[in-house]
A.B. asks: 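Mind looking over this structure? Questions follow.
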Protein chains: 2
Amino acid sequence: MTTVLVVDDQPLQRYGFHLLLDSVPETDVVGEAAHGAEAVRKTAELRPDVVLMDVRMPGMDGIEATRRIVAAGGRSRVLVLTTFDLDEYVHAALRAGASGFLLKDARPEELLAGIRAVASGDAVIAPALTRRLLQEYARYVPAHRADSAEDPGLGSLTDREREILVAVGKGWTNGEIAARFVLSESTVKTHVGRVLAKIGARDRIQAVIFAYDHGLARPNAD
Amino acid sequence: MTTVLVVDDQPLQRYGFHLLLDSVPETDVVGEAAHGAEAVRKTAELRPDVVLMDVRMPGMDGIEATRRIVAAGGRSRVLVLTTFDLDEYVHAALRAGASGFLLKDARPEELLAGIRAVASGDAVIAPALTRRLLQEYARYVPAHRADSAEDPGLGSLTDREREILVAVGKGWTNGEIAARFVLSESTVKTHVGRVLAKIGARDRIQAVIFAYDHGLARPNAD
DNA sequence: CGGCGCGTAGTACCTCGGTACTACGCGCCT
DNA sequence: AGGCGCGTAGTACCGAGGTACTACGCGCCG
C-alpha cells in the first residue's frame, strides 16, 4: 500500500486525483494540501510515501516545497506534476530533489505507474520531457570515460601529470599546487608544462577547459 | 501503425518480442536482425519507425549499431534494451543517439508504452535507471538559469560582460577577444577586470570554471 | 651494466594577465 | 541640465605563468 499526499491549489484537481488514486487498491490518499507551506507541514506530519506536487501554486510554489521536503530528509518522495512542460520547471524541480516529473495530461495508468516507481525508489520523467533532458544530458556530460577513440593526450599523461591537471582544473595557481602537493614551484611548472604539451593546450586556461571537457574537473570543485 | 525492427542475437528472445508486438494491433514487426551489421542494413532497407535493439551481441554490438543508424539520418528511432543496467551501457547508448533505454525485465505494457513514446518522437528511460541518470544530471548540469537565489554576480553582469565571460570561457586571450569583438585590448582588459570583480574570481582561470559551472561555457567550444 | 621513463628541482628570460586609475561619448531617467 | 550606467580606451606597473634548458635520483627492463 502506497500512501500519497496530494498537493494542488485547485480543489477540483485534488478531487480528481483523489478519485483516481482511490479507484485502485494499491494507493491510499492520506491527505491533501492546497499550497507549498501546507504541503511541507503535512508531509512532516503524515509521512506519505509519495507527495504528488503541483508546481504552480500561490504562496510557496511546488519547487520550493519540494526543496524543503527533500531537505527535511524524511522518506517521502516527491513526484512533481505540471500542466506546462517548461524547461525551467523541470530543471528546478529535479535540482530541488524531486524523484519524478510528469505532465498532468498523462494517462491515468502512467500516473499510477509513476507513483509506483517513485514509491519504490526509482524515478520517472514524462517521455515528452525525457527527450529534451537527454539531449542536454548528452551535451553536458561528455566523454564519461575515455570512450570516444580520439583522445589527444589524456591517455599519455602520467599519473602525476593527471593529478596536476586536475589541480589546474580547480583553478589553483602553481604556488598553491606546490603547497598542497608539497613540491617546489619549479617542479609544478615542469609538470604543467609537460601537461600542456601533451594535451595540446597553449596555457593553463585551455588546460582547464580540456579538463572539463574530459570529465576530469567537476562542478563540485575545491 | 508502428513498424518495428527487432534486433537480438537470441532467436528465442526475438520470437518473444515478435509474439508480444503482434498481440497488439498498433505495432507491426517488419523484420528481425541477429547482430549489429544486419540491424544497420535492415534499418536502411525497411525504414522501421522503431528499432528494438539489444546491447550485447556478437560482432557489432548494439551501441555501435545505434550510432550508425542515428548517423545515417533516417527517421528510425532506436530503443535500446538490455538485461544489465550497467551505467556504461546507458551512457554509451544515449551518447550514441538512442531514443530510449529499457530493461528486458520490463512489463509488456511498459515496453509497448516505450515503443509508442519513441515512435512519437519522445524518449523513455527505465525508471530504475532514471534515478541514477538524474543524480548525475543534477551534478553535471548546474544552475541552468539564475534559479537558486544564490547567484554571486551572474545576474549583475551586463550583456557585454557576459559576452566577454563566454569568450574567456572559450580560452581566448585578451588579444583574441579584442580581435573578434573588434575592440582594443585595453577595453577587453577593462571588461574582464569588471567581470572578475563581479563574479568573485581572482583570475580568468577561475572565471572559466565559473562559466562552466554556470552553463555559460559548453563542451562544443570554439 | 646501461638506458630510459618519471618525478623532482633549478635558473634565466619574457610575455601575458590583472590592477589601479583616468577619461570620454552616448543614452536614459529625473 | 545634470547624473548615472555602460561601453569604450588609455597608461603604468608588477607578478604569475610559460619556455628553454639543465640536472639528478630512483626503479625497471633488456
Side-chain angles (χ1 to χ4, degrees), chain A residues 146 151-214 216-217 221-222, chain B residues 145-146 151-214 216-218 221-222:
Chain A
D151 178 347
L154 218 187
S156 68
L157 292 180
T158 67
D159 290 345
R160 196 51 154 172
E161 286 163 356
R162 201 172 292 109
E163 283 182 329
I164 297 288
L165 176 52
V166 170
V168 169
K170 289 183 194 293
W172 297 352
T173 64
N174 289 337
E176 286 169 343
I177 297 173
R180 306 216 191 192
F181 283 60
V182 194
L183 291 175
S184 80
E185 195 169 332
S186 295
T187 303
V188 176
K189 278 190 167 189
T190 304
H191 283 312
V192 171
R194 284 205 265 258
V195 169
L196 297 185
K198 284 188 179 179
I199 67 177
R202 74 174 158 207
D203 53 35
R204 69 202 293 111
I205 289 123
Q206 298 196 334
V208 170
I209 294 171
F210 179 93
Y212 267 83
D213 288 353
H214 288 74
L216 287 177
D222 222 41
Chain B
R145 263 156 285 293
D151 177 348
L154 217 188
S156 69
L157 292 180
T158 66
D159 289 345
R160 195 52 154 172
E161 285 163 357
R162 201 171 292 109
E163 282 182 328
I164 298 287
L165 176 52
V166 171
V168 169
K170 289 184 193 293
W172 297 352
T173 64
N174 288 336
E176 287 170 343
I177 297 174
R180 305 215 192 192
F181 284 59
V182 194
L183 291 174
S184 81
E185 195 169 333
S186 295
T187 303
V188 175
K189 278 189 166 190
T190 305
H191 283 313
V192 171
R194 284 206 265 257
V195 169
L196 296 185
K198 285 188 179 178
I199 67 176
R202 75 176 159 204
D203 53 35
R204 69 201 293 110
I205 289 123
Q206 297 196 334
V208 170
I209 294 172
F210 180 93
Y212 267 83
D213 288 355
H214 289 74
L216 288 177
R218 294 273 163 283
D222 223 44

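Computed from a predicted structure; not experimentally measured. Numbers restart at 1 for each chain; the letters A, B, ... are given by sequence-line order, proteins then strands.
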A.B. asks: Starting at CG of A:Leu183 and ending at P of D:dC24, how long is that distance when rounded to a whole Å?
C.D. replies: 20 Å

A.B. asks: Could you check which of C:dG10, D:dT8, D:dG18 has an atom nearest any side-chain atom of B:His191?
C.D. replies: D:dT8

A.B. asks: Take atom CD1 of B:Ile164 and atom P of D:dT8, then tell me their distance rounded to the nearest Å.
C.D. replies: 7 Å

A.B. asks: Counting only Watson-Crick or G-U wobble pairs whose two distances fall under 3.5 Å, which nucleotide matches D:dT8?
C.D. replies: C:dA23

A.B. asks: Would you say the side chain of A:Arg202 and the base of C:dT15 hold a donor-acceptor pair, judged only by whether the two atoms sit under 3.5 Å apart?
C.D. replies: no

A.B. asks: Using a cut-off of 4.0 Å on non-hydrogen atoms, how would the nucleic acid contact of A:Thr187 be classed: base, sugar-phosphate, or nothing?
C.D. replies: base

A.B. asks: Atom CD1 of A:Ile199 to atom P of D:dG18: distance rounded to whole Å?
C.D. replies: 11 Å

A.B. asks: If you check the B:Val192 side chain, which of C:dG18, D:dC6, D:dG18 turns out closest?
C.D. replies: C:dG18

A.B. asks: Which of these nucleotides, D:dG18, C:dG7, D:dT11, is closest to any side-chain atom of A:Lys189?
C.D. replies: D:dG18

A.B. asks: Nearest whole Å is fine: how far is D:dA16 C1' from A:Ile177 CD1?
C.D. replies: 12 Å

A.B. asks: By nearest atom, which of the nucleotides D:dA16, C:dA9, D:dA9 is closest to the A:Ser186 side chain?
C.D. replies: C:dA9

A.B. asks: Less than 4.5 Å apart, side chain to side chain, heavy atoms only: is that true for B:Ile209 and A:Tyr212?
C.D. replies: yes

A.B. asks: Could you please name the option among D:dG18, C:dT8, D:dG7 that lies closest to any side-chain atom of A:Leu196?
C.D. replies: D:dG18

A.B. asks: Measure from CZ on A:Arg162 to C1' on C:dG7 and round the result to the nearest Å.
C.D. replies: 15 Å

A.B. asks: Let me know, please, whether B:Ile205 or B:Ser184 comes out on the 5' side of the other along DNA chain D by nearest nucleotide.
C.D. replies: B:Ser184

A.B. asks: Grab the CD-P distance between B:Glu161 and D:dG7 for me, whole Å please.
C.D. replies: 6 Å

A.B. asks: Could you tell me how far apart B:Leu165 (CG) and D:dG7 (C1') are, to the nearest whole angstrom?
C.D. replies: 17 Å

A.B. asks: Can you tell me how far apart CG (B:Leu183) and NE2 (B:His191) are? Round to the nearest 0.5 Å.
C.D. replies: 6.0 Å

A.B. asks: State which residue, out of A:Asp203, A:Asp213, A:Leu165, A:Val168, fulfils the side-chain contact (heavy atoms from CB on, under 4.5 Å) condition with A:Val208.
C.D. replies: A:Val168

A.B. asks: Grab the CZ-P distance between B:Arg194 and D:dC6 for me, whole Å please.
C.D. replies: 9 Å

A.B. asks: Would you give the length of the straight line joining atom CG of A:Leu196 to atom CZ of A:Arg202, rounded to the nearest 0.5 angstrom?
C.D. replies: 11.5 Å

A.B. asks: At 4.0 Å (heavy atoms only), tell me whether B:Thr190 reaches a base, stays on the sugar-phosphate, or touches nothing.
C.D. replies: base

A.B. asks: What is the distance from atom OG1 of B:Thr158 to atom CZ of B:Arg194, rounded to the nearest 0.5 Å?
C.D. replies: 8.0 Å

